[in-house]
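The first residue of the sequence shown is numbered 1, and numbering continues consecutively from there.
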Amino acid sequence: MTDAPSGAAGIVDAHHHLWVRARHPQPWIDPVTMAAIDADFELVDLAPLARASGVTATVVVQSVASVRETVDLLRAAADDALISGVVGWVDLTADDIADRLDRLRAGPGGQHLVGIRHLVQSETDPAYLDRPDVRRGIAAVGAAGLVFDLLVRQHQLPMAARLAHHLPEVRFVLDHLGKPTLGTPEFDDWRRGLRALAEAPNTTAKVSGLTTEVPRSPWTVADLRPAVDHALAVFGPHRLMFGSDWPVSLLATSYPRWIETVTELLADLDPTDRAAVWADTARRHYRLEAS
């Protein structure tokens with residue numbers, strides 16, 4: 001087993017979630033097939049796991065299309081220094097999106113708002129990110145100095161690439177490497193889609209959420225290596241960042257095991273490149289030092 005990474009700067013977990021279902025229902029959780037996460041998950045549950053693994057800062061990401069959830073995540077960031085950034089949600093098509101972003105930033109913990117995400121993976125319109133009203137909203141996110149997180153499935157990568165090239169002034173980060181269809185004939189389509197997105201210099205990607213994409217159980221590090229190696233080839237380590245996707249990741253792995261897995265996947269990189277993936281890319285791209 002490879003030793004977990006260490007260093008004075010620590011690890012940034014650039015992608016995790018928190019939810020209390022009585023306040024923010026999670027209708028996407030199937031209580032049968034997703035029994036492992038059919039529960040409430042709060043920062044008090046994550047903090048000991050994260051700190052034991054060398055994580056010194058996190059970015060918490062929205063899980064439902066709710067401004068109320070974003071407000072609560074910002075308050076959580078204000079209450080605990082472990083959370084350095086919040087990727088929240090606003091209606092991208094709202095005429096007053098700039099005002100809505102201003103209101104979030106003016107509230108408790110508003111200085112921790114670093115990005116916005118929409119659940120594009122659930123949109124049935126194959127040209128959703130091509131729509132003028134959606135692009136106008138994403139441009140407003142960028143104009144506010146915020147990152148736009150791309151949550152897309154493999155077949156939506158070409159649409160995401162068109163968006164990133166169309167809005168070069170916006171910083172984008174791809175969640176979960178675009179959910180590659182590991183071990184399937186469609187994997188080559190993912191490789192081409194990821195390369196097209198990486199050609200836009202305003203994009204980065206998260207090494208996260210991969211274990212739940214393996215079509216068999218138990219998964220192995222070898223199952224994940226083709227995707228991570230390709231991401232390293234097309235983005236480079238200084239445009240990749242680590243994320244746990246906790247607690248969704250509990251469907252396939254534990255927090256410590258995911259740290260160990262990424263450590264093994266990055267073992268051939270030099271220390272500077274490993275530091276980029278573990279922390280430096282997230283700090284730079286999300287501007288965490290200023291938050």
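- Here the closest heavy-atom approach between residue Ala231 and residue Leu194 is recorded as CA-CD2, 3.9 Å.
- With hydrogens and angles ignored, the 3.5 Å screen pairs no side-chain donor or acceptor of Glu213 with any backbone N or O of Leu210.
- Distance alone, capped at 3.5 Å, is enough to place a donor-acceptor pair between the Asn202 side chain and the Ala164 backbone.
- The two residues Ile97 and Ala140 come nearest to each other via the heavy atoms CG2-CB, 3.6 Å.
- Val214 and Leu251 fall within the same hydrophobic cluster, where Ile, Leu, Val, Met, Phe, Trp and Tyr residues are linked whenever their side-chain heavy atoms come under 4.5 Å apart, directly or through other members.
- The aromatic rings of Tyr128 and His118 sit parallel to each other, their planes meeting at less than 30°, with 60° as the upper class boundary.
- Thr203 OG1 to Arg239 CZ: the interatomic distance, rounded to the nearest 0.5 Å, is 4.0 Å.
- In terms of hydrophobic clustering, with Ile, Leu, Val, Met, Phe, Trp and Tyr side chains grouped at heavy-atom distances under 4.5 Å, Val262 and Leu269 are assigned to a common cluster.
- Within the 3.5 Å criterion, the main-chain N or O of Leu129 finds a donor-acceptor partner in the side chain of Arg135.
- Of all non-hydrogen atoms in His112 and Ser84, the two that sit nearest each other are ND1-O, 3.4 Å.
- Scanning for side-chain contact (heavy atoms from CB on, under 4.5 Å) contacts around Ser122 gives Leu119, with sequence neighbours left out.
- Applying the side-chain contact (heavy atoms from CB on, under 4.5 Å) criterion to Arg192, with sequence neighbours excluded, gives Asp188, Asp189.
- Between atom CD of residue Glu260 and atom CG of residue Leu265 there is a gap of 12.0 Å, rounded to the nearest 0.5 Å.
- Across Gln62 and Gly88, no two heavy atoms sit closer than the pair CG-O, 3.6 Å.
- Every side-chain contact (heavy atoms from CB on, under 4.5 Å) that Ala196 has, sequence neighbours left out, goes to Ala161.
- Between the side chain of Thr281 and the main chain of Leu240, a donor-acceptor pair closer than 3.5 Å is present.
- The pair Asp102-Arg105 does not meet the salt-bridge criterion, since no charged nitrogen lies less than 4.0 angstrom from a carboxylate oxygen.
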- [ ] Please step through salt bridge (Lys or Arg N to Asp or Glu O under 4.0 Å) for the pair Arg136 and Asp133, ending with a clear verdict.
- [x] CA-CA 5 Å; Arg136 182 188 62 81; Asp133 58 341; over 6 Å; no
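- The backbone N or O of Val134 lies less than 3.5 Å from no partner atom in the side chain of Thr93, so there is not a single donor-acceptor pair.
- With no hydrogens or angles considered, no side-chain donor-acceptor pair links His15 and Ser208 at under 3.5 Å.
- Within the model, atoms CG of Leu232 and CZ of Arg225 stand 9.5 Å from one another, a figure rounded to the nearest 0.5 Å.
- Between the side chain of Trp219 and the main chain of Ala252, a donor-acceptor pair closer than 3.5 Å is present.
- With His285 contributing its side chain and Phe172 its backbone, the two residues share a donor-acceptor pair below 3.5 Å.
- Between the OG1 atom in Thr70 and the CZ atom in Arg117 there is a gap of 10.5 Å [rounded to 0.5 Å].
- Leu18 and Leu151 fall into different hydrophobic clusters, where Ile, Leu, Val, Met, Phe, Trp and Tyr residues are linked whenever their side-chain heavy atoms come under 4.5 Å apart, directly or through other members.
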List the atom pairs, donor and acceptor, that lie under 3.5 Å between side-chain atoms in residues 43-52 and the rest of the protein, sequence neighbours left out.
residue	atom	partner	partner atom	Å
Asp45	OD2	Glu42	N	2.9

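- For the atom pair CZ (Arg21) and CD1 (Ile29), the distance works out to 6.5 Å, reported to the nearest 0.5 Å.
- Atom OG1 of Thr204 sits about 7.0 Å away from atom CZ of Phe235, to the nearest 0.5 Å.
- Panel note: side chain His17, backbone Ser63; no donor-acceptor pair is recorded below 3.5 Å.
- The minimum heavy-atom distance linking Val170 with Ala139 is given by the pair CG2-CA, 4.1 Å.
- Under a 3.5 Å cut-off, the side chain of Thr58 and the backbone N or O of Asp13 do not form any donor-acceptor pair.
- Between Phe242 and Trp278, the angle of the ring planes lies from 30° to 60°, which puts this pair in the tilted group.
- Counting all heavy atoms, side chain and backbone alike, Ser53 lies closest to Ile11 at O-CD1, 3.4 Å.
- Applying the salt bridge (charged side-chain N to carboxylate O under 4.0 Å, His left out) test to Arg284 and every residue at least two apart in sequence or in another chain returns nothing.
- Side chain of Arg195 to backbone of Val234: no donor-acceptor contact under 3.5 angstrom is found.
- Tracing side-chain contacts under 4.5 Å through hydrophobic residues (I, L, V, M, F, W, Y), one never reaches Ile83 starting from Val20; they form parts of separate clusters.
- With sequence neighbours left out, the side chain to side chain donor-acceptor pair (under 3.5 Å) criterion links Asp149 to Lys206, Tyr286.
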